[in-house]
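This structure is a prediction, so every number in the text was calculated from the model and none was measured. Every chain is numbered from 1, with letters handed out A, B, ... down the list of sequences.
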Amino acid sequence: MPELPEVETVRRGLTRLVGNAKITSVDVYYEKMVSPEADQFKKMLAGKTIERIDRRGKYLLFRFNDDLTMVSHLRMEGKYDVQPDGNPITKHTHVVFHLDDHRDLRYTDTRKFGRMHLLKTGDETKLVSGLKKMGPEPTPETLTVEYMKQIFSKSKKAIKPFLLDQSNIAGLGNIYVDETLWLSRIHPEQPTNTIPEFQIRQLRENIIAEIKRAIEGHGTTVHSFSTAYGEAGEFQNHLMVYGRKGEPCFRCDTPIEKTKVAQRGTHFCPDCQVLRKDPGVTMVLGLTGGIATGKSTVSEFFKAYQIPVIDADKVAREVVEPGTKGLKEIQTTFGWQMIQPDGTLDRHALGTLVFSQPEKLAQLNSITGPLIKKAVVRKLRGYRRRQVPLVIYDAPTLFEAHGAAGMNEIMVVNVPDQVQLQRLMARDHLSKKEALERINAQMPLAEKVKRADVVIDNSDSVDKTKAQVVRWLNEAGFGSLITDKSN
DNA sequence: ACTTCGACCTGCGAGC
DNA sequence: TGCTCGCAGGTCGAAG
């Protein structure tokens, strides 16, 4: 069954159930499973007390008295459970530890892949090959940015098998690799040494956070099975790509694809996770929010730090300026009435026309949409060429306009519903009814928050909002761009 | 020293 | 129904 969060769940459950239990005798039904050979294994364990249970990567370490450690790996399907002695042995029970309180600790494993090694405490890191070269645990203290940068720069292989290799990082398996790559928008076949620093940082944050969340959710339960040590995992309910082939991506709605990478089933979003020849160093942060949530306030903070901001509304105006292809198409489609005497677009006339007719609005969007996209891509290409580290794409309808897939990360500016309503009424001098109409015309703010990587809470003071932006800049590795260090 | 690929096992569901 | 095939949360060792 397990990756790190599941093994940790087992460790905690077993600690509760059999911590301090004493073993009277051991039965081994599948001898290949244990080392040293079965008779010796049984003899060594008889009379021993389980003093504690540790974990390293996906290995369980049972610590007994007299400096004895049993290293146990569950591989694909190994499970421990505790039951009263005398219960009939099932087909797939391979090792039974009889306890002195009339209970059994049983190990079952349909595929017989699991292994148990008994050795002197301390020898496990010298004698068990998997433990010998185990990489750091995915925690903030042990998995450092410096370490990641260093190992990433040295490997040309695809990132997916690289992350599955326990000697690089401990504990990740097929599920959490797919999940964290999706969270970080990295294609599973992207060569590891081509991944830019900002993505290494994102990946690190996502790995650490995802593993932590999964442990808190008691791990992921794939095949339906419930554990005898208390809880069945519930983290499968939080999976973003694993097992979701054909279902819409939670960020951009594109169907999730399933392929094979390094002989393992691999799930990813073809639009969010694009294989890049030269990924470049530029990170694009999508900035969005709801009407009157204060997105422009946040946008101004970035501008104040000289961080380039591409304003989607401004681009939308540029593509219909006099002399543009966009304006010409609007004239052809909607008539000369849409053009004012001075040659500029009559926004009021166009607005009135499309406001009441959804099909006209769709027609307008099909003209301007591609032009905006092209203009944004052109601007981004310029920043990429100049190796600008961070660019903000400020777009009120980022999700609605299907712009999410092109972003490296998405920041949503959020306020409580009531605050949004009050601010909109005050700002635009609207009645409650009018304000609600405008709010309800957009994708619900809660839905945007759900799709966000970072949420900025703008319900308090400007200073508090700014502090959140500054914190994000620091955590994302852009601390050097902050010019007013006093904050 | 690198990466790739079969082997280790059993059960289950899809497709014929 | 019965058969074959492919697939499953992992790792190791042989072969290229």
J.: Is the NZ or CZ atom of A:R213 positioned over A:F235's six-membered ring, under 6.0 angstrom from the centre and within 45° of the axis?
T.: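 Ring-cation test returns no.
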J.: Taking the same atom, P, in C:dG16 and in B:dA7, what whole-Å distance lies between them?
T.: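 13 Å, rounded to whole Å.
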J.: Could you list the residues that satisfy ring pair (Phe, Tyr, Trp, His ring centres under 6.0 Å) with A:Y176, not counting sequence neighbours?
T.: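 Once residues adjacent in sequence are excluded, A:Y176 has no partner under the ring pair (Phe, Tyr, Trp, His ring centres under 6.0 Å) criterion.
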J.: Can you see which heavy atom on A:E124 is nearest to which on A:L61, and at what distance?
T.: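 Nearest pair, atom of A:E124 first, then A:L61: CG-CD2, 4.4 Å.
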J.: Applying salt bridge (charged side-chain N to carboxylate O under 4.0 Å, His left out), run through A:R201 and A:E205 and close with a yes or a no.
T.: CA-CA 6 Å; A:R201 288 177 181 271; A:E205 295 281 335; over 6 Å; no
J.: Ignoring hydrogens and angles, state whether a donor on the side chain of A:D178 or A:H267 is under 3.5 Å from an acceptor on the partner side chain.
T.: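 Short answer, yes.
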J.: Rounded to the Å, how far apart are A:K245 NZ and C:dG6 P?
T.: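 Rounded to the whole Å, the gap is 14 Å.
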J.: Pull out every protein N or O sitting under 3.5 Å from an N or O of nucleotides 5-7 of chain B, one pair per line with the distance.
T.:
from, atom 1, to, atom 2, distance (Å)
B:dC5, OP2, A:Q263, OE1, 2.7

J.: Looking at the rings of A:F62 and A:Y80, which for Trp means the six-membered one, are their centres under 6.0 Å apart?
T.: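 Judged by ring-centre distance (under 6.0 Å), A:F62 and A:Y80 do meet the cut-off.
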J.: Whole angstroms only, please: what is the CG-C1' distance between A:D109 and C:dA8?
T.: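 Rounded to the whole Å, the gap is 13 Å.
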J.: Looking at every heavy atom in both A:R11 and A:L60, which two are closest together, and how far apart are they?
T.: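 Closest approach of A:R11 to A:L60, heavy atoms only: CB-CD2, 3.7 Å.
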J.: Figure out the CE/P separation between A:M33 and B:dC8, and round it to whole Å.
T.: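 Taking atom P of B:dC8 as the reference, CE of A:M33 is at 15 Å.
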J.: In whole Å, I'd like the distance from the CG atom of A:N193 to the C1' atom of B:dT3.
T.: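 The answer, rounded to whole Å, is 14 Å.
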J.: When you check the phosphate oxygens OP1 and OP2 of C:dA8, does a side-chain N or O of A:K258 lie under 4.0 Å from one of them?
T.: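 The answer is yes; a side-chain N or O of A:K258 sits under 4.0 Å from OP1 or OP2.
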J.: Send over the distance from A:I159 CD1 to B:dT3 C1', rounded to a whole Å.
T.: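 It is 16 Å, rounded to the nearest whole Å.
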J.: Would A:R52 pass as a cation-pi partner of A:F64, given that its NZ or CZ must be under 6.0 Å from the six-membered ring centre and within 45 degrees of the axis?
T.: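 Not flagged: A:R52 not positioned over aromatic ring of A:F64.
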J.: Measure CG/A:D165 against P/B:dC2 and give the value in whole Å, please.
T.: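 A:D165 atom CG is separated from B:dC2 atom P by 10 Å.
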J.: On the ring face of A:W182, is A:R251 found with NZ or CZ under 6.0 Å from the centre and within 45° of the axis?
T.: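 The answer is yes, since A:R251 meets both limits relative to A:W182.
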J.: Given the rule in the side chain to side chain contact (heavy atoms under 4.5 Å, CB included) test, do A:V26 and A:V96 qualify, once you have shown the distances and angles that lead to the verdict?
T.: CA-CA 6 Å; A:V26 179; A:V96 178; over 6 Å; no
J.: Paired stems touching DNA chain B, three or more consecutive Watson-Crick or G-U pairs with both distances under 3.5 Å?
T.: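 Paired runs of 3+ in DNA chain B: B:3-8 with C:10-15, B:10-16 with C:2-8.
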J.: Considering just the side-chain nitrogens and oxygens of A:K154, establish if one lies under 4.0 Å of OP1 or OP2 belonging to B:dA1.
T.: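 It does not, given that no N or O in the side chain of A:K154 lies less than 4.0 Å from OP1 or OP2 of B:dA1.
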J.: Could I get the full list of ring pair (Phe, Tyr, Trp, His ring centres under 6.0 Å) partners for A:Y59, not counting sequence neighbours?
T.: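 Expected list: A:H73.
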J.: Could you work out the separation of B:dG11 and C:dC12 based on their P atoms and round it to a whole Å?
T.: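 Going atom to atom, P in each nucleotide, I get 25 Å.
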J.: Between B:dG6 and C:dG6, how far apart are the two P atoms, rounded to whole Å?
T.: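 It comes out at 13 Å once rounded to the nearest Å.
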J.: Hey, are A:Q442 and A:E400 close enough side-chain-wise for a donor-acceptor pair under 3.5 Å?
T.: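 Per modelled atom types, A:E400 and A:Q442 side chains form no pair under 3.5 Å.
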J.: Distance alone, cut at 3.5 Å: any donor-acceptor contact between the side chains of A:K157 and A:N193?
T.: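 A:N193 and A:K157 do not have a side-chain donor-acceptor pair below 3.5 Å.
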J.: On a whole-Å scale, what distance lies between the P atoms belonging to C:dT11 and B:dC12?
T.: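 To the nearest whole Å, 24 Å.
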J.: Using whole Å, report how far CG of A:D178 lies from P of C:dG10.
T.: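 The distance from CG of A:D178 to P of C:dG10 comes to 10 Å, rounded to the nearest Å.
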J.: Taking only the C1' atom of each, what is the distance from B:dC8 to C:dC3 in whole angstrom?
T.: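 Comparing C1' positions in B:dC8 and C:dC3 gives a spacing of 24 Å.
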J.: Using the 3.5 Å cut-off, write out each protein N or O paired with an N or O of nucleotides 9-11 of chain B and the distance between them.
T.:
from, atom 1, to, atom 2, distance (Å)
B:dC9, OP1, A:Y30, OH, 2.7
B:dC9, OP1, A:K32, NZ, 2.3
B:dC9, O4', A:R111, O, 3.4
B:dC9, O2, A:R111, NE, 2.8
B:dC9, N3, A:R111, NH2, 3.3
B:dT10, OP1, A:K112, NZ, 3.1
B:dT10, O4', A:T110, O, 3.4
B:dG11, OP1, A:K91, NZ, 3.0
B:dG11, OP1, A:H92, NE2, 3.0

J.: Ignoring hydrogens and geometry beyond distance, is a side-chain donor-acceptor pair present between A:T465 and A:N458 at under 3.5 Å?
T.: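 Short answer, yes.
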J.: If the sugar-phosphate is the primed atoms plus P, OP1 and OP2 and the base is the rest, what is the B/S/- string for nucleotides 11-16 of chain C, using protein heavy atoms under 4.0 Å?
T.: SS----
J.: Please tell me whether A:Y107 and A:F97 form a close aromatic pair, meaning their ring centres lie under 6.0 Å apart.
T.: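 So the answer is no for these two rings.
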J.: Checking all strands, does A:G265 fall into the base, sugar-phosphate, or nothing category for heavy-atom contacts under 4.0 angstrom?
T.: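 Sugar-phosphate, backbone atoms only, no base.
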